[in-house]
Structure formats: C-alpha cells, structure tokens
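Beneath this line is the structure, given in structure tokens, with notes to follow.
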Amino acid sequence: MLEGLNPQQRDAVTLPAEHALVLAGAGSGKTRVLTTRMAWLIQTGQVGPHGLLAVTFTNKAAREMLTRLSALLPINTRGMWVGTFHGLCNRLLRAHHREAQLPQAFQILDSADQLSAIKRMLKAAGIDDERFPARDVQRMINGAKEDGLRPGDLDVRDAHARRLADLYQRYQDQCEREGVVDFGELLLRAYELLQREAPIREHYQRRFQQILVDEFQDTNVLQYRWLMLLAGAHTPVFAVGDDDQSIYAFRGANVGNMADFEQRHAQGRVIRLEQNYRSHGHILDSANALIAHNTRRLGKNLWTDAGEGEPLRVVEQASDALEAQWLVDEIRALIREGRPAREIAILYRSNAQSRPIEHALFSARVPYRVYGGQRFFERLEIKHVLAYLRLIDNPDDDTSWMRVVNFPTRGIGARTLEQQADIAAQQNSSLAGAVAFVPGKAGAVLARFATLIRELAEAARTLDLPELIGHVVHHSGLEAHYRADREGQDRLENLQELVNAAAAFVAEEGFQGLPAGRVPAAAAAAEAASGPDAAFDMGAEPSPAVMSPLGAFLSHASLEAGDNQAQAGEDAVQLMTVHAAKGLEFDAVFITGLEEGLFPHENSLLDAGGLEEERRLMYVALTRARERLTLTLAQSRMLHGQTRYGMRSRFLDEIPEEHLKWITPRQRPAAAQPPWSGAFRRGLGGWQGEAGSSFAPRAARTQSSGVTVGDQCFRIGSGVRHGRFGEGTVVALSGSGAEAQARIEFRDAGTKTLALGVAKLEVLD
DNA sequence: GCAGCGAACCTTTTT
DNA sequence: GGTTCGCTGC
C-alpha cells in the first residue's frame, strides 16, 4: 500500500493519531495521500471504516475518494461518513431532526430557491427593493451564516444594519414556517445541534476516531468550527490543503483557518508535499516565481525531476477575435500532430470570454465543450417537477407552491395569490394552510390545486419513485403543456431523463420496489422504538434511511445539482474558467486574456487581499499544464458592448524572462505605470481609444493621485456627502475629466456610481 | 395571462 | 453586446 510513495507522502500517510496539516502543492499526489491514509488507518486496525469521517467540498471529490479507497481495500464503503460538508450535515439533521427542531421532511433550498424566498419575504415585509436588493440581502444572510452568526449576533450600530438584521430574522421565521433550510442553514443548524445537545455531540465525538479534511484552505469559519467541535478533545484531524490554491475567499473561504490550525492544534506537525508529478520545470518555476509575490504564505516550493521542458509561450494579438483565431489555428495544429483534443484546455478568468473563442472554434469545426453551463437539476422543467414532488413531501414549502401553483396555468392569477398570501400572513400559516380560508371563486381554484397535491401524495403511497415522477408529470399537466409547446420536445426528454435518474437512484440506494412516500420499515421501527436520544445509542446510527425514497431523492437533487458539462468521453477541446479548472490537468493549456483589469480582474483590486487571490488564481491556472503552456493577451476586447483597451497583465511581468518565449513581439506597456504617464502614452503606439476607461488598473491610478474635479480631489477611501444619498465612502474611481466616475458606498442609500462632473458631492476630511 | 418592451445587470461558484 | 427582469397594455 505504501509502495511508490515518496518519503514525504509516506510520512503523511503514517503520521501518528494527532492533529496534522499536510501542505499539498499542486500535482503533489494529494488525493492519493488522503485515500492511502484512510486505507492505512483501517488496515493497521487503528480505526474501523465506521470510525472515519472524511469531508470534501464537492460530491465529485467525495465519490473519487470512495472509489480510490475501495480500490485499495476490499471493504464496503456504503454507510461510511465520507461526503461533502453539506451532505454530512444533512445526514446529521435528518437523523436528529427533532432535536434540531426541524420537520422530518424539511426541504433544502438551493441558491435560486433561496433568492425567490427572500424576494417573497421582502415583498411581504413591504421593503423598498431599491435600498435592499434581494441579492444583497441574500449575500448578507449567507455571509452571516458562514461566520456562524444569527440575526441577534449581528453588529447593529446603525439603522441600515438594524434593518438588515431584521430582514435576516424575517427570512428565518419564514423558513421555519415553511420547513425549509438553505445551504448555509444546513451547516449552522448542524453545528448548533452538536453544540447544544451534549449526548449527541459526545456520541459522534466518540464514534469518529479520525477526521480527514480535503481542500482545507477552502473551509469557512463555520466549517472549521464544526470540524473542531466534532473532533472534541480526542479525535485527531488530518487536514490537507494548499494555501496557494485558495481561490474562494469571495464565497467565505478563510485561508486563515490553515495558519490557525497549524498554530493551535498541529504545532509542528506539518508535512509539505513539494514534489510535483505533473508539470515540466519551466512551468513549475514560473508558478513558483509568480506565487512568491504573495506575502502571508505558509511557504512551499514545488520541484520536479521531469526536466525543464519548453518555456512558456506568450502571444499578443490585436483583438479578442484575433486572439481566438490564433488559438484555433494553434489548436488545429496540435490536433494534426496527433494530440487528443481532450488534452487541450483553454482557460479564462470570466465566462464572458468564452464567446469569441467558441465562435472561432465553431466556425473552424473544432469539437469543444464548455464547462459551467446549466446543471441538470437546475433546468426549469426539472425544477417544476421537483416542486410538485416537494409539495407531496412537504405541502408547507411555499417556494415550491409559488413555483407551480399556476404552472401549467390553471387560472390562478396574481390577485388570488396575493389574497392567499395575506391570509397566510395573518394566521401565520403556510400558503397551503391558508387555502381553506380564501373565500369565493379564488378559494375554489386554490382548493382544486390543493386537492391535486393531495392526490399526488396519495399516489406516492403506492407507486415507486420513477413511477411517481411519471405520474406527476402526467397529472400535473406538465406533459400536456410541453407537448403543446413547439420547443417542448427537449424539455420532455429531460423529464424522461429525470425518471431515469430516479430509477438509478432507487437502485443505488436499495429502495427498489418501495413506495416513494414510505419510510423503510426497519428504519421507521428503529425511530419509533427509540426515544429521542436512543436512536444514536444503538451503535448503528440512524442513517438517512429514516427518509422515504422521495425525501432522499429530493435531498439528493438539492445537494447534487448534477453535471454541468457536456457529454463526457467525447474527444473535445476543454473550455472553462480558471476556477473550474482547479484540480484538473491537461497536456496543453492556454491561459487567455492576460490583461490588466481582466486577469487580475478589476473588481478584485477593490477588496483587501483581492490581488493576492487573483495571483493564486493565476498560480492555479499555470499549474494545470503538464507539457505545454501558452499565455495569450489581446490589445482590445469587446466587453459590455464597448471596445476596451487593457494593459499587459502584471502577472506576465512577475514570471522571470528566462521562462518566457514571446511568439509575437512584446508590444504593450506593463501594468505598473499609471495610464497617464509618459511611458503609457509612448507605449500606446498607434492605437487609441477609451484607454483609461475602467479597464485600466484602478488601484495604480488612484493610489497615486486620485481624480480631481474642480477644486476637489476624490480618492478611494475618502468620505463624501451627497445631498440626497447622505454620507458615504468612495470605493472605486474610473475615467478622468468629464468622464470621471466614482463608485460610492453610501451608509444608508446603498452603492451608487456617480459622474463626478454632474453629481453634487462634497469631499469630507 | 401573456406578449412586448425598456431598464438593469454583467467575476469567480459549490453546496 | 447579450440576457434577464419586471412592468405595461391588450
């Protein structure tokens, strides 16, 4: 089992049972170490499969871990606690739903469901959506939950913050009433459950004798606290991660967890995996040199014995269209040389960049696939069916009610629904609960819908899950609706696909022949026989089997949105964002759009640590390549309907010359000079345009001088007062002269972009 | 209830 | 430039 491991990998695998941190560089065999560690712990008798807890971020990573583990050891991995944070928390909450104060059939809201729930809450509260856009409220709520904060824990020093806390509370009340939880709530609820209920906590602390965490750099504050709570005083945590690949701070990941874990728990027990088995020397040295520009690293230097390989090639084209054309020509040549298309990846910073590239590939008939499209379970028609299924499982789920109460249309209009919502609010019930109290014709049509749901629920008592879904598709009228629609054919096919997915799910989970709505008898008996806390004292955990096939499938649909890539297996060039490329590797990689403002992205420069995260992103991009790495940039780019001119990305200048080979002459100025400097103007050469538009680096410009309008000088961070919006802070500046604009975060009025020549602003000292 | 229109959005994203 | 959202008018 330990054969073929290098000394550091072997050390990591065979560490004693204490907290430890493994700093695993890109391509250093991280997953191998993690799975071998699990196998080794089991094989040496230190722990049974039952006593392991392994946490990942994605379902894909969890599956991969289980697959590799069963290749190493002849054990049955079913029932092992290996999964995502959210999946494991769901399991905990299902098993202890009473103690967690959740209904047995609680539903999980995905981000889109959450947003519509928030919109509904804002509407009910009569909130002005100018000042409180639903998206902002959603971000605030999720941010608070990621930090483990409830509405009462928020800092409410001003009226705006007080209002936000109030909205958070209203949203929570609404979720409570409807029996739904969002993703953040899954984690926070599970954490609070363990914290509050000592017998449950102690049971799991005893049960888990080893905890392993993958991608530890991506954990947020709450996930870290959850892990350490579960570990308790005796369970060692084996954390694997790479601080240089932390690229998810924007969604709450806290790299600081790594340093904290090292200092407080894993003192000295840090193993660095620095031998890279993926990339040639030039590539690796470039990545090392680039990332060395970051401060606050735990420190690590990758090396390889694979030889230095080719230098990185750099290509500059006049426009994004020409950049795309060059890529296509180059890729066709590679394919002609016999390189498989699937071994070629085109990476970009933002999704918008894929358009011209796709266009060029399509015209040249080069097969390609784009990652990051819509997921299967996120398709509209699928969400509609799922909404019916959720109402069967939990009629109080108002989000689902609203989604399908009038889809397909059945004459239930906005006025009827408002009336229903008013009554529901009055008696503090769900929409379903209010139906009986809606008078007149409106009440009658609603009652008819409620009857439909009851009949579908009745069917769930006898039909198995795939049959039930077919039944729902037919009796809800969705089938007829899509059949009548000229473009409904694809949607009908997807609905059939959903039936197939359900059949596969039923087979995999051992639910064959079971009515969709029925909780398996054995599990139900165990639940009934045991008191509220006996269930987990029986050695065997209450498993997700306390759920009906329907309930389990709905959880599955929410927690695993399905593939977001085109059909696998096909030999096609791979297009994706750098974020999506994390964890993957290719023979040949093209990193495109290496322009200041795009990569690093201009928005990232505004927040603290943003540039360093962009640099880590670039580091991730560089380390995806095995043999051939090409960096491309364009002098002009179509963005938001405007042609913009960017400067060469600073990241190109952070890679030592000796690793770069310029295929086209180097033309454009480096990013370090501000756009108004002489060097920039000279560098401008023949091209003119909106240089100095917001595409130019804001930080460089504003750090030095700011923007002067009349006798006032605006800088990032300066306080300003506006007649209508009140006081605020300048967070971004762009343009100059008559074009100058400032983005200002007002304390009460939200964030606005104002033309400095027009808006009456006063700079405060 | 729905088509049609103008306004507002536009970094990255898993669960 | 493209899409999506929400309002208006039929």
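For the numbers below, each heavy atom of this structure counts, side chains included, while hydrogens, waters and symmetry mates do not. Labels below follow one simple rule: chain letters A, B, ... track the order of the sequence lines, proteins then strands, and each chain is numbered from 1.
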>> Can you tell me which nucleotide in B:dT15, B:dT11, B:dC2 comes closest to the side chain of A:His601?
In response: B:dT11

> Just checking, A:Arg251 and A:Tyr248: is the charged tip under 6.0 Å from the six-membered ring centre and within 45° of the axis?
Replying inline: yes

>> Looking only at the side chain of A:Arg375 (C-beta and beyond, no hydrogens), which of the listed nucleotides B:dT13, B:dT11, B:dT15 gets closest?
In response: B:dT15

> Are the charged groups of A:Lys30 and A:Glu215 less than 4.0 angstrom apart, N to O?
Replying inline: yes

>> Could you check whether atom CZ of A:Arg150 has more than 12 heavy atoms from other residues, nucleotides or ligands sitting under 6.0 Å from it?
In response: yes

> From B:dT15, B:dC2, B:dT12, pick the nucleotide closest to the side chain of A:Asn351?
Replying inline: B:dT12

> Which is true for A:Tyr248 with a 4.0 Å heavy-atom rule: it touches a base, it touches only sugar-phosphate, or it touches nothing?
Replying inline: sugar-phosphate

> Ring of A:Phe57 versus six-membered ring of B:dT14: centres under 5.5 Å and planes under 30°?
Replying inline: no

>> Please check this pair: side chain of A:His579 against backbone of A:Ile247, looking for a donor-acceptor N/O pair closer than 3.5 Å.
In response: yes

>> The side chain of A:Thr58 is closest to which nucleotide in this list: B:dT15, B:dT11, C:dG6?
In response: B:dT15

> What nucleotide, of B:dT13, C:dG1, B:dT15, holds the atom closest to the side chain of A:Leu559?
Replying inline: B:dT15

>> Between B:dT11 and A:Thr577, counting only base atoms on the nucleotide and side-chain atoms on the residue, is there a donor-acceptor pair under 3.5 Å?
In response: no

>> Within the 4.0 Å heavy-atom criterion, would you say A:Asp110 contacts the bases, only the backbone, or no part of the nucleic acid?
In response: nothing

> Between B:dT12, C:dG2, B:dG1, which one does the side chain of A:His579 approach most closely?
Replying inline: B:dT12

